Undergrad: 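This is the structure, below, for whatever I ask next.
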Amino acid sequence: MMNLLVVGGGGREHTIIKKLRENPGVETIYALPGNGGIAADAVCVPEIGAKEIDKIVDFAKSHAIDFAVVAPDDPLALGCVDRLHEAGIPCFGPDAKAARIEASKVFSKNLMKQYGIPTARYEVFDDPVKALAYLKTASFPIVVKADGLALGKGVLIPQNLREAEAAVKSIMEDKAFGDSGNEIVIEEFLTGPEVSVLAFTDGTAIAPMVSSMDHKRAGDGDTGLNTGGMGTVAPNPCYTPEIARVCMETIFLPTLAAMRAEGCPFKGCLYFGLMLTPDGPKVIEYNCRFGDPETQVVLPLLKTDLLTVMQAVEQETLGALDVAWHSGAAACVILASGGYPEHYEKGKVLTLPASTPENVTLYHAGDKLTEDGHLVTSGGRVLGVTAVAPTLQEALKDAYQAADTVAFEGKYLRTDIGKRALAALEG
Ligand code: AMP
Ligand code: GLY
């Protein structure tokens, strides 16, 4: 029997943990830190945060961990996988050098340019004066990105020179995203449907997962501020088999080869954020990890045992494994705290249904257990309600119906998750 450790404590980690539990050889799963809802499926250790690498490694050593999964970007960029490997613990996730594909936009843009991987044209600046001079010659809208990790918020799309100057000032001078803004990328504004493709890779072999579509803006009709993601559907109807073939040839395999050539083969889950432009698919961003809430719609459709896939990635035998998927569709509706992604209140008591239909799962993202055992809200995104069904229409209907059965003060959700996907299906 195996003891597993999962680093992280959101809806993505809850989904990974529920899926790992399906393996009959799993004895105990520890979640560092985990959350209130995860405590029903794993042993949570709220005292150890996902960025506390020394404590995570000590914990793994003292708890006879057979396999670890490092899910969030921060610990990956901080070298959590490198350190666990040094301690002799097999794990899933890229090392720090490979995690730069997400942790530094300058690194990933230069990689794509050098290896001819399609992406938006761009310039890099470390001097605000030069960035401002460049913007005077640019056309709008344009895209300004902080180099480093910024909780998905480091991308600004100014519509004119005045807004662009404000963007550069806020990132480079006011340090709105801290040291992440020491360098910036200014890039061409692309248009077209967006697709997220997560892929298992052991550095050479690749097994793309079912495609998905995120809904990043806080409000219906894609209005309001960018969030971590307000809902997802899978598969993404815009991602046809022909586009998948083009992406494999022009983006996925060249990216893996580029990382090997740079001496940092990528092992783990590589997330391709793609835009299907009139000139073909282009990379908007890479993430070095599972997406949140993409994971909540993608992993429920995985037929092959997740732990087996993760072990094949670690052992570099993925090419010999047939990674299979269920047909059908999944939809996830995020229940957020009113006010998210800005100011919101915490500590609201959660009322959950006594049971949910068999095809519905509540993935807990931002909640905690009180001393007397009640679940209360503790974050912006509180729950992800996922339904799996033969069609996207049914999955959305079931997810929204189940979302209605959860109550907490200030509960906020988008009412149009999947609307664009359904329109694309109807074509
Ligand atoms: P990112 O954090 O890099 O995923 O960017 C957040 C969002 O900004 C993306 O999901 C896109 O909608 C948008 N975006 C980023 N780069 C571009 C671009 N070059 N052109 C148009 N939109 C972009
Ligand atoms: N949902 C987007 C992300 O995980 O980056």
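What you are looking at is a predicted structure, and each value in this text was computed from that prediction instead of being measured.
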Undergrad: Hey, are Glu102 and Arg289 close enough for a salt bridge, meaning a charged N less than 4.0 Å from a carboxylate O?
TA: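 Between Arg289 and Glu102 there is a salt bridge, with a charged N closer than 4.0 Å to a carboxylate O.
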Undergrad: Establish, from distance only, whether the side-chain atoms of Ser196 and Asp214 form a donor-acceptor pair under 3.5 Å.
TA: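 No, because no side-chain N or O of Ser196 sits under 3.5 Å from a partner of the opposite role on Asp214.
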Undergrad: Carefully, step by step, assess Asp147 and Ser180 under the rule side chain to side chain contact (heavy atoms under 4.5 Å, CB included).
TA: CA-CA 5 Å; Asp147 172 52; Ser180 286; over 6 Å; no
Undergrad: Going through the distances and angles, do Lys346 and Lys368 end up as a side chain to side chain contact (heavy atoms under 4.5 Å, CB included)?
TA: CA-CA 10 Å; Lys346 299 181 186 175; Lys368 65 174 190 186; over 6 Å; no
Undergrad: For Ser211 and Asn236, indicate whether the former's side chain and the latter's backbone hold a donor-acceptor pair under 3.5 Å.
TA: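 Yes; at least one donor-acceptor contact below 3.5 Å.
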Undergrad: Checking Tyr412 against Ser337 for the side chain to side chain contact (heavy atoms under 4.5 Å, CB included) test, could you report, in this order, the C-alpha distance in whole Å, the side-chain angles of both residues, the deciding distance, and whether it holds?
TA: CA-CA 6 Å; Tyr412 170 76; Ser337 302; over 6 Å; no
Undergrad: I'd like to know if the side chain of Tyr286 pairs up with that of Thr255 as donor and acceptor (distance under 3.5 Å, no hydrogens or angles considered).
TA: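 Present: a donor and an acceptor within the cut-off.
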Undergrad: Look at Lys19 together with Asp305 and state whether they make a salt bridge at an N to O cut-off of under 4.0 Å.
TA: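 Salt bridge: no.
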Undergrad: Start with the C-alpha distance between Glu187 and Arg121, add both sets of side-chain angles, then the distance that settles salt bridge (Lys or Arg N to Asp or Glu O under 4.0 Å), and finish with yes or no.
TA: CA-CA 6 Å; Glu187 70 178 29; Arg121 283 194 306 271; over 6 Å; no
Undergrad: Quick test of your reading of the model: are Asp41 and Lys18 salt-bridged, counting only N-O distances below 4.0 Å?
TA: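 Salt bridge flag = yes for Lys18 with Asp41.
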Undergrad: Given ring-ring contact (aromatic ring centres under 6.0 Å, His included), test Phe92 with Phe67 step by step and report yes or no.
TA: CA-CA 8 Å; Phe92 180 87; Phe67 195 83; 7.3 Å; no
Undergrad: Run the side chain to side chain contact (heavy atoms under 4.5 Å, CB included) test on Arg21 and Ile29 for me, step by step, so that the C-alpha distance in whole Å, both residues' side-chain angles and the decisive distance to 0.1 Å come before the verdict.
TA: CA-CA 8 Å; Arg21 284 229 80 84; Ile29 305 182; 3.9 Å; yes
Undergrad: Can a donor-acceptor pair be found between the side chains of Lys109 and Thr119 at a distance below 3.5 Å?
TA: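 Per modelled atom types, Lys109 and Thr119 side chains form a pair under 3.5 Å.
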Undergrad: Going by distance alone, is a donor N or O of one side chain under 3.5 Å from an acceptor N or O of the other, for Asp73 and Tyr271?
TA: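 Absent: no donor and acceptor within the cut-off.
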Undergrad: Less than 3.5 Å apart, any donor N or O on the side chain of Asp367 or His364 sitting next to an acceptor on the other?
TA: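 Note: Asp367 and His364 side chains meet the donor-acceptor criterion.
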Undergrad: Less than 4.0 angstrom from a charged side-chain N to a carboxylate O is my criterion; do Arg245 and Glu249 meet it?
TA: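 A salt bridge is present here (some side-chain N lies under 4.0 Å from a carboxylate O).
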Undergrad: May I ask you to decide whether Asp416 forms a salt bridge with Arg414, counting only side-chain N to carboxylate O separations under 4.0 Å?
TA: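 Looking at Asp416 and Arg414, the cut-off is met.
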Undergrad: Anything under 30° is parallel, anything over 60° is perpendicular, the rest tilted; go ahead and classify Phe272 against Phe252.
TA: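 Phe272 vs Phe252 ring planes: tilted.
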Undergrad: Quick one about Tyr115 and Glu262 (side-chain donor to acceptor, distance below 3.5 Å, no hydrogens or angles considered), yes or no?
TA: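 Yes.
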Undergrad: Is Asp220 paired with Lys419 through a side-chain N to carboxylate O contact shorter than 4.0 Å?
TA: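 No, no charged N to carboxylate O under 4.0 Å.
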Undergrad: Taking the six-membered ring of Phe290 (Phe, Tyr or Trp), confirm whether the NZ or CZ of Arg12 is under 6.0 Å from its centre and within 45° of its axis.
TA: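 Output no; distance or angle outside limits.
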